[in-house]
Engineer: 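My questions will all concern the structure given below.
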Amino acid sequence: MPDTSFLDWPFLEPAHRELRRLAAGFAERAARLVDHHDIDASCRRLVAALAEAGLLAHAVPAPHGGKQPRLDVRSLCLIRESLAYDSGLADFAFAMQGLGAGPITLFGSEEQKRAWLPPVAAGRAIMAFALSEPEAGSDVAALACTASPDGPVHVRIDGEKTWISNGGLADHYVLFCRTGEAPGARGLSAFVVEAGTPGLEIVERIPTIAPHPLAHLRFAACRVPLANRLGAGGEGFKIAMATLDVFRSTVGAAALGFARRALDEALARARTRRLFGATLGDLQLVQGHLADMVADVDAAGLMVYRAAWAKDQGAGRITREAALAKLVATEAAQRVIDRAGQIHGGLAVRSGAKIEELYREIRALRIYEGASEVQKVIIARSVLGEGLA
Ligand code: COS
């Protein structure tokens, strides 16, 4: 039985405990919806099932299909953690609905929210967040995809995006482009681009160690209504960063779900595997691994739910807390899964084994939505800035 004592932490409320039960029950069933030979169909099934279970109602705000007027980051975290415990792909399907719709939720006009958000909650529209480019991933201010005026009510988009989750599967892409109001970070804007818009081409699907739908996209004279711009022209960088502030702690939560699963698998193995006339768990070196794993899991959990709680209390920017949550939780989860591998021996690297799957699933989390190195830059700048102030 998974340890759920964290549900008593003061960051969480009774409704969160109820939600955790619902999400964990769903996650066990969701794992059975995954066919690793057909990722696209699996994602579509998962999105539909997440909607039916009411979980996608936590990915958008009320009254646009959501449960609450503002995204509740603790709910997002609890759902991601629960899904990741059983299925990396179910977590992916949920997370992308939230992240892809995030800029609309946070910066869309009422009309834009009314048009685009209810289908996200209902599982009828699949979302993508298109920021990274072949030459700009960590350095967002350097992105080169352009949106230039094309008549009075359109823009023309030209450029490339890569590593786009749900690329080729999404119905709507939230795209960050250079619009040139000012140099660098102040000259970007965000647009919603519908799949099927002429000029939007899926160049290739990108295979990865933990198969998720990812693609490289090209935009060639892709004509998009100016009305699809989110916020004002030049606000794109701020929109991207504010969205990431909300969702980065949820990446930490997914890592936490993977780590808790690895710990539970390791405990089961340590209790039952016999060697040298005792069990693995009787060996002090194994106890040392287990203690380190418990410490990592708790530290990660505290960071994740602290960041989520701070945002839910109405804090404006939680850039530092979110960066800490993502950094600490993803790095900790990698270590926990690695130690679980040592405890499992050869079984850890057998294709199809749970630890082998967790190994493949965790790796990208230390990279996407800001690599660990980027999180360290953000954290260091926040303390240096404060020190100088
Ligand atoms: N919320 C709101 N505004 C923010 C912000 C945030 N979290 N972070 C920065 N800004 C604002 C700054 O206040 C600054 O505003 P002014 O120009 O008014 O002073 C502006 O945006 C530029 O900020 P900064 O100078 O910090 O920009 P940098 O180019 O130095 O940003 C980092 C550097 C590394 C922080 C940024 O590029 C980043 O987060 N990169 C990682 C992106 C990422 O996650 N990529 C993966 C793809 S998504 S899967």
Side-chain angles (χ1 to χ4, degrees), residues 73 80 91-92 95-103 105-107 127-145 159-167 170 173-179 181-190 206 208 210 212-217 230-252 254-255 307 310-311 314-327 330 363-386 388-389:
V73 187
R80 286 200 69 176
D91 166 59
F92 170 93
M96 284 318 303
Q97 292 298 87
L99 177 67
T105 296
L106 298 174
F107 292 91
M127 302 300 294
F129 182 85
L131 184 70
S132 295
E133 299 184 358
E135 300 300 328
S138 295
D139 185 2
V140 175
L143 63 81
C145 185
E160 298 193 17
K161 294 282 172 187
T162 194
W163 298 113
I164 304 310
S165 295
N166 279 339
Y173 296 84
V174 173
L175 195 72
F176 295 87
C177 302
R178 182 158 301 287
T179 37
E181 290 78 2
R186 292 182 173 200
L188 308 180
S189 302
I206 306 173
T208 50
H212 293 181
L214 292 170
H216 185 119
L217 316 178
L230 301 170
E235 278 191 340
F237 187 90
K238 190 178 88 182
I239 293 174
M241 293 300 130
T243 306
L244 290 171
D245 274 0
V246 171
F247 287 92
R248 271 186 182 144
S249 43
T250 78
V251 181
K311 189 70 185 168
R317 278 182 61 172
I318 54 150
T319 311
R320 184 201 331 204
E321 291 85 348
L324 278 165
K326 181 176 188 287
L327 173 70
T330 58
R363 191 60 188 83
L365 275 65
R366 291 168 54 215
I367 298 171
Y368 77 65
E369 286 184 46
S372 291
E373 291 72 11
V374 167
Q375 309 309 332
K376 287 182 186 179
V377 168
I378 293 170
I379 294 160
R381 277 190 191 177
S382 76
V383 285
L384 286 168
E386 277 183 12
L388 293 172

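When a ligand or atom number is given, it counts from 1 through the structure's own listing order. In this chain, residues are counted from 1 in sequence order.
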Engineer: Which of the atoms of ligand 1 are close to Asp245, meaning less than 4.0 Å from one of its heavy atoms?
Structural biologist: 1 (N), 6 (C), 7 (N)
Engineer: Is it true that a side-chain atom of Lys326 and a backbone atom of Gly370 form a donor plus acceptor pair closer than 3.5 Å?
Structural biologist: yes
Engineer: If you count the atoms of ligand 1 from 1 in the order shown, which ones are under 4.0 Å from a heavy atom of Gly137?
Structural biologist: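 Those qualifying, in numeric order: 42 (C), 43 (C), 45 (N), 46 (C).
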Engineer: Have a look at ligand 1 and work out which part of Ala141, if any, has a heavy atom under 4.0 Å from it: side chain, backbone, both or neither.
Structural biologist: side chain
Engineer: Spell out, as yes or no, whether a donor-acceptor pair under 3.5 Å connects the side chain of Glu160 to the backbone of His216.
Structural biologist: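 Side chain of Glu160 to backbone of His216: no pair is present.
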Engineer: Identify the two heavy atoms, one from Leu230 and one from Ile239, that lie closest to each other, and give their separation to 0.1 Å.
Structural biologist: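 Where Leu230 meets Ile239 most closely, the heavy atoms are O-CD1, 3.3 Å.
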Engineer: Do other residues, nucleotides or ligands put more than 12 heavy atoms under 6.0 Å from Glu135 CD?
Structural biologist: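 Incorrect, the count does not exceed 12.
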Engineer: State the atoms of ligand 1, each with its element, that fall below the 4.0 Å cut-off from a heavy-atom position in Leu244.
Structural biologist: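 The list of qualifying atoms is 44 (O).
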Engineer: For atom 13 (O) of ligand 1, grab the closest protein heavy atom and report residue, atom and distance to one decimal in Å.
Structural biologist: Arg317 NH1, 3.5 Å
Engineer: May I ask you to identify, for Arg248, whether its side chain, its backbone, both or neither come under 4.0 Å of ligand 1 on a heavy-atom basis?
Structural biologist: side chain
Engineer: Mind listing the closest non-hydrogen atom pair of Ala170 and Ala128 along with its distance?
Structural biologist: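 So the two residues come closest at CB-CB, 3.7 Å.
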Engineer: In Å, rounded to the nearest 0.5 Å, how long is the span from CG of Leu324 to OG of Ser249?
Structural biologist: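 Rounded to the nearest 0.5 Å, the CG-OG separation comes out at 11.0 Å.
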Engineer: Quick check on atom 15 (O) of ligand 1 - does any protein heavy atom sit closer than 4.0 Å to it?
Structural biologist: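 So atom 15 (O) of ligand 1 lacks protein heavy-atom neighbours under 4.0 Å.
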Engineer: Can you pull out the closest protein heavy atom to atom 36 (C) of ligand 1? Residue, atom name and distance to 0.1 Å, please.
Structural biologist: Met241 CE, 3.7 Å
Engineer: Return yes if some donor-acceptor pair links the side-chain N/O of Arg178 with the main-chain N/O of Gly184 below 3.5 Å, else return no.
Structural biologist: yes
Engineer: Please report which non-hydrogen protein atom sits nearest to atom 35 (C) of ligand 1, along with the residue it belongs to and the distance in Å to one decimal place.
Structural biologist: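 Scanning the protein heavy atoms, the shortest distance from atom 35 (C) of ligand 1 goes to Ile378 CG1, 3.8 Å.
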Engineer: So does Ala255 get a backbone contact from the side chain of Arg80, meaning a donor-acceptor N/O pair under 3.5 Å?
Structural biologist: no
Engineer: How far apart are the closest heavy atoms of Ala254 and Leu365, and which atoms are they?
Structural biologist: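 Result for this residue pair: CB-CD2, 3.9 Å.
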Engineer: Give me the residue, atom name and distance of the protein heavy atom closest to atom 33 (C) of ligand 1.
Structural biologist: Arg381 NH1, 3.9 Å
Engineer: Compare every heavy atom of Ser165 with every heavy atom of Leu214, then report the nearest pair and how far apart it is.
Structural biologist: CD2-OG, 3.3 Å
Engineer: Do Tyr368 and ligand 1 have an N or O pair less than 3.5 Å apart?
Structural biologist: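 It does not: no N or O of Tyr368 is found under 3.5 Å from an N or O of ligand 1.
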Engineer: Mind running side chain to side chain contact (heavy atoms under 4.5 Å, CB included) on Arg363 and Thr208 for me, showing each step along the way?
Structural biologist: CA-CA 10 Å; Arg363 191 60 188 83; Thr208 50; over 6 Å; no
Engineer: What are the atoms of ligand 1, with element, lying closer than 4.0 Å to any heavy atom of Gly370?
Structural biologist: 43 (C), 44 (O), 45 (N), 46 (C)
Engineer: I'd like to check which ligand 1 atoms, numbered from 1 as shown, lie under 4.0 Å from a non-hydrogen atom of Val374.
Structural biologist: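 Under 4.0 Å from Val374, ligand 1 has these atoms: 34 (C), 40 (N), 41 (C).
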Engineer: Which heavy atom of the protein is the closest neighbour of atom 18 (O) of ligand 1, given with residue, atom name and distance?
Structural biologist: Arg186 NH2, 2.7 Å
Engineer: Under 4.0 angstrom from ligand 1, any heavy atom of Val377?
Structural biologist: no
Engineer: Run the side chain to side chain contact (heavy atoms under 4.5 Å, CB included) test on His212 and Met96 for me, step by step, so that the C-alpha distance in whole Å, both residues' side-chain angles and the decisive distance to 0.1 Å come before the verdict.
Structural biologist: CA-CA 11 Å; His212 293 181; Met96 284 318 303; over 6 Å; no
Engineer: Check this for me - ligand 1, Ser132, N or O atoms closer than 3.5 angstrom, yes or no?
Structural biologist: no
Engineer: Any protein heavy atom at under 4.0 Å, with atom 46 (C) of ligand 1 as the reference point?
Structural biologist: yes
Engineer: Are there protein heavy-atom neighbours of atom 4 (C) of ligand 1 below 4.0 Å?
Structural biologist: yes
Engineer: Judged by atom type as modelled, is there a donor-acceptor pair below 3.5 Å linking the side chain of Ser189 to the main-chain atoms of Gly236?
Structural biologist: no
Engineer: How far is atom 41 (C) of ligand 1 from its nearest protein heavy atom, and which residue and atom is that?
Structural biologist: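 Closest protein heavy atom to atom 41 (C) of ligand 1: Ser138 O, 3.3 Å.
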Engineer: For Trp163, which part has a heavy atom under 4.0 Å from ligand 1: side chain, backbone, both, or neither?
Structural biologist: neither
Engineer: Can you tell me which residue and heavy atom of the protein come closest to atom 27 (O) of ligand 1, and the distance to 0.1 Å?
Structural biologist: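 Here the nearest protein heavy atom works out to Phe237 CZ, 3.5 Å.
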Engineer: Using a plain distance cutoff, I'd like to know if Leu131 has any nitrogen or oxygen under 3.5 Å from a nitrogen or oxygen of ligand 1.
Structural biologist: no
Engineer: Checking a contact table here: which protein heavy atom is nearest atom 49 (S) of ligand 1, and how many Å away?
Structural biologist: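 For this ligand atom, the closest protein heavy atom is Glu369 N, 3.3 Å.
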Engineer: Just heavy atoms, cut-off under 4.0 Å: does Val140 contact ligand 1 by side chain, backbone, both, or neither?
Structural biologist: both
Engineer: Measure from the ring center of Phe129 to the ring center of Phe176 and say whether it is less than 6.0 Å.
Structural biologist: yes
